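In what follows, chains are A, B, ... by sequence order, proteins preceding strands, each numbered from 1. In this text, all values refer to a predicted model and were calculated from it rather than measured experimentally.
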Amino acid sequence: MDTQKIIESLSPNEVKILPYLNEEVKQISVKSNLDITSVLRALEFLEKKNIVKIFHEKKKIIELGVNGIHYKKNGLPERKLLNFLREKRVVLFEEAVKQSGLSDDEFKAALGVLKRKQMIELKNGRIFLSVNNELVSKKFPEENFLDFVPVDYESLSKEQKEIFSALQSRKGIVQIKDEKETTVEVSPFGKEIANSKIKTSNLIEQITPEMLKKDSLWKGKKFRRYDVTSKVPEIHGGKRHFVNQATDYARKIWTEMGFKEMSGNLVVSSFWNFDALFSAQDHPVREMQDTFFIDAESELPDKKIVKAVKEAHEGGVAGSKGWGYEWSENEAKKTVLRTHTTCLSAQTLARIKKDEMPAKFFAVGKVFRNETVDWKHGFEFNQTEGIVVDKNANFRHLLGYLKEFAKKMGYGKVRFRPGYFPFTEPSVEGDVWDEGRKEWVEMIAAGIFRPEVTTPLLGGPVPVLAWGPGFDRMLMKKYGIVDIRELYKNNITQLRKMKYWVKD
Amino acid sequence: MTNVTFSKKIFEKDIGKIDEKMQERIAMFGTTVEEMGNEEITIDVSPNRPDLLSYHGFRRSFLAFLGKKTGLMKYKLNPPEKNYQVLADSSVKNVRPFTVCAIVKDLKLDDEKIKEIIDVQEKLHATLGRKRKKVAIGIYPLEKIKLPITFKALEPDKIKFIPLESEKEMSGLEILQKHPAGKEYAHLLAGKEKFPVFSDADGKILSMPPIINSQTTGKVTEKTKDVFVECSGFDVNSLKKTLNILVTTLADMNGKVFQMELKSGYITRKEITPSLEPEEMKISIENTNRTLGLNLNEKQLKEFLEKAGYEYNKGSVKIPAWRTDVLHEVDLIEDVAIAYGYENFIPEIPEISTIGAEDYGEVLKRKISEILSGLGMLEVSSYHLTTKDEQFSKMDIQEKNFIRLDGSKTEYNILRENLSHYLLKIFSENVDSEYPQKIFEIGKVFGKKNKIEEKENFAAAISSGNFTEIKQIAENLGKMLDIEISIKESDKNIPFLIEGRAAKLIAGEKEIGIIGEVHPKILKNWKLKMPVALFEIDFSCLAEMIAKRNL
């Protein structure tokens, strides 16, 4: 391109920075009164025109990962384990697993580190603290390291690099970010342009309404040439949260298949969450360990239903032996955050009338478990649920509905195997084939409601097909998310960039 | 789910090579392979099958499933010999009322088997035993014990023995205070004046259930040939099942099982345990075929029931005495399905006509989301659980009427009563993202008056943003939904909004929400550097109004 054409294509910002090209990028910004991003963009345009050459020096900056941020604030798992051991000195392995407040993965990592540091010994299923309290209180080199992150990788000593690579091998503690430092060199051609007298005032920049009113303002004039290939700044639209896009999609599948949506409260009685589903009152799932209890007494439904459920538990109904214990109404009145959407199915069965059958219902919603939070655990989940109430329903139909749902979610290959749930018999678990990782992934939980469930609620043993696959795992796979916390992170930059749920 | 680990070498010797096919078989039996090591294989056993928690128990059922040793497995029970007696003293009645016992002889124990015995005890304690509360198990070397045995309750300071893994003698109380097992299970004896013990004819204490055995008389080693087995607890049926699982496992290790005679100081009837007499239950071919969607004949039904370890004869099924999970015919039918093979069922969608429908609230949520997306707003999704600090302190709201979640494992231990504080929290976590930031959320919030109230709210916030901008959004939304939303000055102070720039949102005659600019001290609390304007609306109320209008 000749000099004239180049000059014609200079944008106002390029012209603005032209006099200061020998300065540092920051200085260019100050003197031209443009922000850094605009300066960098203008420089890029100038480089394309061979006016400058831009050099990017890459730097590896070490920064904290997701877990790193957490650990820096709350201590590394090994520190937590050490603090836990400090008082007791000798602890049963199982006890430490349970009481240290660490997730399984964290516990394994912490144990490994402390063993390597020769601070503990494992003997006869016990963990022995083998160093004195003074050593226990001493900061680990890893902890010191986390304190001065972020840091340039190249500035690290040999020892620090070793600490870094040890930390890097653990999940999400530290990560390397590539940063660029930009310097500018003006080319001989650039010097020529800079020295030439630039007259850009007669080039048209933007078309204005005034121009369109008066032809003389544009007729016979030249437009400034744009570099049409150059990048433009990103823009972001508003949108539905990606999890809700996915649950909306699940809704679409179910309604297409003729299912009606059930909705209801997140705070429910143990009666609906457990008793109506034939969960024995001394079942471990009904302990605070697993379930969120709320200190409030719930109301029980119609006496007839309560009596029938009591019978199902105690002596059994419809030919069942029951659990053979004394069922307590007070236990059923305990209030919980629902642990599954199956409580909605139970409530629906209690409402449905004979002339409304066959009927099909679904739900998509939040359920809760009392869990710690790490990359694969959390206390809130999404579950999707379906029931088919039909006197002719059978096990093969159950598999048929599940297969169709999986197919519509994008999983063509499904395998069914025996499973166990207290409220279904037969029960089935379903795996879908993950083509990427070449393995079966567990995703479906289903079965036919036990007569001990259906008889009290429906008044007779009508077969009810039921399923409640966890939904998070499915949608995490779809979005390529591995850390469950990402579903609740509300990182605005990430939400803006998140792809739409597009599925045919 | 309980993980159970077996030796790969023994498995392969007894059952067959663990290749892909075998792993598939294990999964189709209902116990997926959880982990494959070089020497061990770990499978997942579901809580309805405690009889699979030992290797020998698993082998017995799995071989039948493979078609190798089908039908009901029979075991020889030898009647009690002289002094094979356990006397339950009336003192245990209010402490730990029941026990069932057995003697197993001629065991040839090695490391692997001892490990299995300890392991199955532990797993049974955890599952069927409900962490030893319902059932506690003790196994003792018979050569160290003089029969008959007494089960009684004593004052804690009168109990003195050396507990396992200890060197010195301790009293009952000391065990609870100092011994690791004592500390872990102390709550099971809390409030009892007397603690239960098993002692032998010489008065030596064998154990203090459900806590610990004696180091001298309660430790099984390689030298042990004969053992005394006891289960104690509160539910006789569970105790019997547990004992059956244990003695059949020991019998599979080639032990000879002897019954014992139980005498009770407070129940007159004598009892002989264990009993392996199978229970009987009816099964109908019609019910089986109707439930499974199959067309089996009686011969096939018999074949599949035998593969599941049952005996079938003319519509009647004999159920092994170690099975705990057969309550109803459907339980038999499931076992038929497993024996038939889940992989052999052909899935089918029946032709029944039903009409699908979404919940109206969900439809409306999606509409609102569309309207706000059009205005460039991002939907966010936060936890229903929150912290007192975030809901109250940071928002300058007085702590009251919150709904606590007992024993939460995280700092999130109350239910949220509004969405506004979460929107501010989200802004505070995104100070590095490009501004302006415009977000909204629709979700459940909870309140407590006489009882717990649950409704759905809808909140939107912009940063940086001012009253005019947020009011524009609220009004646009109202217009799009064809609901007239008016704004009325708030007569009372809304703590986190600026006085004079906070207002009530009114629809119809109803007050449906609040709107305003967030006070700088609240922005400071959240370490925000940009102004925020927000509104929060009662979505349930709005949805009701729209639904009524649409009628």
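- The aromatic rings of A/Phe395 and B/Phe345 sit perpendicular, their planes meeting at an angle over 60°, well past the 30° parallel limit.
- For the options B/Glu329, B/Glu370, B/Lys455, B/Glu362, heavy-atom pairs under 4.5 Å to chain A are most numerous at B/Glu362.
- Looking at A/Glu425 and B/His328, their side chains never come closer than 4.5 Å, going by heavy atoms from C-beta outward.
- You'll find the side chain of B/Leu385 reaches within 4.5 Å of the side chain of A/Glu380, heavy atoms only.
- For chain A, no part of B/Val336 is nearby; none of its heavy atoms comes within less than 4.5 Å.
- Partners of B/Lys425 according to the salt bridge (charged side-chain N to carboxylate O under 4.0 Å, His left out) rule, which considers only residues two or more places apart in sequence or in another chain, are B/Glu390.
- Separation of atoms CZ (B/Phe446) and CG (A/Leu266) is listed at 4.5 Å; rounding is to 0.5 Å.
- Heavy atoms from other residues, nucleotides or ligands lying under 6.0 Å from CD of A/Glu439 number more than 12.
- Your options are A/His241, A/Lys88, A/Lys321, and the one with the most heavy-atom pairs under 4.5 Å with chain B is A/His241.
- Residues B/Asp235 and A/Tyr325 have side chains not in contact (no heavy-atom distance under 4.5 Å, counting atoms from C-beta outward).
- Residue contact with chain A, scored on non-hydrogen atoms closer than 4.5 Å, is absent for B/Glu411.
- A salt bridge between B/Lys183 and A/Glu95 is absent, with no side-chain N of the basic residue lying under 4.0 Å from a carboxylate O of the acidic one.
- By the 4.5 Å heavy-atom criterion applied to side chains, B/Glu184 and A/Glu94 are not counted as neighbours.
- Of the two parts of B/Ser381, the backbone and the side chain both hold a non-hydrogen atom closer than 4.5 Å to a non-hydrogen atom of chain A.
- The CG atom of A/Asp431 sits 7.5 Å away from atom OG1 of B/Thr32, with the distance rounded to the nearest 0.5 Å.
- Rounding to the nearest 0.5 Å places CD1 of A/Ile294 at 4.5 Å from CD1 of B/Ile452.
- In this structure, chain B has no heavy atom under 4.5 Å from any part of A/Glu256.
- For a residue to count as touching a neighbouring chain, one of its non-hydrogen atoms must lie under 4.5 Å from one of that chain's; by this rule B/Leu292 touches chain A with backbone and side chain alike.
- The choice from A/Thr493, A/Asn370, A/Leu399 that makes the most heavy-atom pairs within less than 4.5 Å of chain B is A/Asn370.
- Counting heavy-atom pairs closer than 4.5 Å to chain A, the top-ranked of the candidates B/Pro180, B/Gly376, B/Gly293, B/Ser382 is B/Gly293.
- In this structure, the portion of B/Met377 lying under 4.5 Å from any heavy atom of chain A is its backbone and not its side chain.
- In the displayed structure, B/Asn3 atom CG is contacted under 6.0 Å by more than 12 heavy atoms of other residues, nucleotides or ligands.
- B/Leu415 touches chain A through its side chain: at least one heavy atom from C-beta onward sits under 4.5 Å away, while N, CA, C and O do not.
- At a 4.5 Å heavy-atom cutoff, the contact between B/Lys131 and chain A is made by side-chain atoms alone.
- Rounding to the nearest 0.5 angstrom, the gap separating the CD1 atom in A/Ile492 from the CG atom in B/Asp432 is 10.5 Å.
- Distance check, rounded to the nearest 0.5 Å: CZ of A/Phe293 to CZ of B/Arg404 gives 16.0 Å.
- Between A/Asn265 and B/Lys444, the shortest heavy-atom contact is CA-NZ, 4.0 Å.
- Per-residue heavy-atom pair counts under 4.5 Å with chain A were compared for B/Leu294, B/Ile333, B/Ile426, B/Asp331, and the maximum is reached by B/Asp331.
- When each of A/Gly322, A/Gly258, A/Ala318 is checked for heavy-atom pairs under 4.5 Å with chain B, A/Gly258 comes out on top.
- Among A/Phe259, A/Trp254, A/Phe292, A/Phe379, the residue with the largest count of heavy-atom pairs under 4.5 Å with chain B is A/Phe379.
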For a side chain to side chain contact (heavy atoms under 4.5 Å, CB included) check, start with the C-alpha distance between A/Tyr420 and B/Arg49, then their side-chain angles and the critical distance, and finish with the verdict. CA-CA 9 Å; A/Tyr420 170 73; B/Arg49 291 298 301 269; over 6 Å; no
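- Of all the heavy atoms in B/Glu334 and A/Gly419, the pair that sits closest is OE2-O, 3.9 Å.
- For B/Asn401, the CG atom counts as densely surrounded, since its 6.0 Å shell holds more than 12 non-hydrogen atoms of other residues, nucleotides or ligands.
- Screening A/Arg251, A/Lys252, A/Lys260 for a side chain to side chain contact (heavy atoms under 4.5 Å, CB included) involving B/Glu358 leaves a single residue, A/Arg251.
- Taking B/Ala337, B/Ser46, B/Ser408 one by one and counting their heavy-atom pairs under 4.5 Å with chain A, the maximum is reached by B/Ser408.
- Both the backbone and the side chain of B/Asp406 come within less than 4.5 Å of a heavy atom of chain A.
- Contact count against chain B (heavy-atom pairs under 4.5 Å) is highest for A/Pro418 among A/Gly319, A/Pro463, A/Gly447, A/Pro418.
- No more than 12 heavy atoms of other residues, nucleotides or ligands shown are found within 6.0 angstrom of NZ on A/Lys403.
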Name each donor-acceptor pair under 3.5 Å that joins a side chain in residues 356-367 of chain A to protein atoms two or more places apart or in another chain, with its distance.
{"residue": "A/Glu356", "atom": "OE1", "partner": "A/Lys353", "partner atom": "N", "Å": "2.7"}
{"residue": "A/Lys360", "atom": "NZ", "partner": "A/Met257", "partner atom": "O", "Å": "3.1"}
{"residue": "A/Lys360", "atom": "NZ", "partner": "B/Thr354", "partner atom": "OG1", "Å": "3.3"}

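- In this structure, CZ on B/Arg366 lies 4.5 Å from CG on A/Asp248, to the nearest 0.5 angstrom.
- Comparing A/His283, A/His236, A/Glu442 by heavy-atom pairs within less than 4.5 Å of chain B, the highest count is held by A/His283.
- A donor-acceptor pair under 3.5 Å is absent between the side-chain atoms of B/Asp359 and the main chain of A/Ser263, judged by distance alone.
- The side-chain heavy atoms of B/Ile349 and A/His397, taken from C-beta on, include no pair separated by under 4.5 Å.
- Within the 4.5 Å cutoff, no side-chain heavy atoms of A/Arg369 are placed close to those of B/Lys409.
- With a 4.5 angstrom heavy-atom cutoff, B/Glu165 touches chain A only via side-chain atoms.
- Between chain A and the options B/Ile403, B/Ile346, B/Asn413, heavy-atom pairs under 4.5 Å are most frequent for B/Ile346.
- The minimum heavy-atom distance between A/Asp282 and B/Arg130, with the atom names listed, is O-NE, 2.7 Å.
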Carefully, step by step, assess B/Leu327 and A/Arg450 under the rule side chain to side chain contact (heavy atoms under 4.5 Å, CB included). CA-CA 10 Å; B/Leu327 302 179; A/Arg450 296 188 64 96; 3.8 Å; yes
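- Using a 4.5 Å heavy-atom cutoff, the side chains of B/Glu434 and A/Arg496 are in contact.
- By the 4.5 Å heavy-atom criterion applied to side chains, B/Glu379 and A/Leu495 are not counted as neighbours.
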- Message: Between A/Arg415 and B/Met28, is the side chain to side chain contact (heavy atoms under 4.5 Å, CB included) condition met? List the steps.
- Response: CA-CA 10 Å; A/Arg415 149 180 113 162; B/Met28 286 304 153; 3.9 Å; yes
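- Neither the backbone nor the side chain of B/Lys282 comes within less than 4.5 Å of any heavy atom of chain A.
- Separation of the B/Tyr342 and A/Phe416 ring centroids does not fall under the 6.0 Å cut-off.
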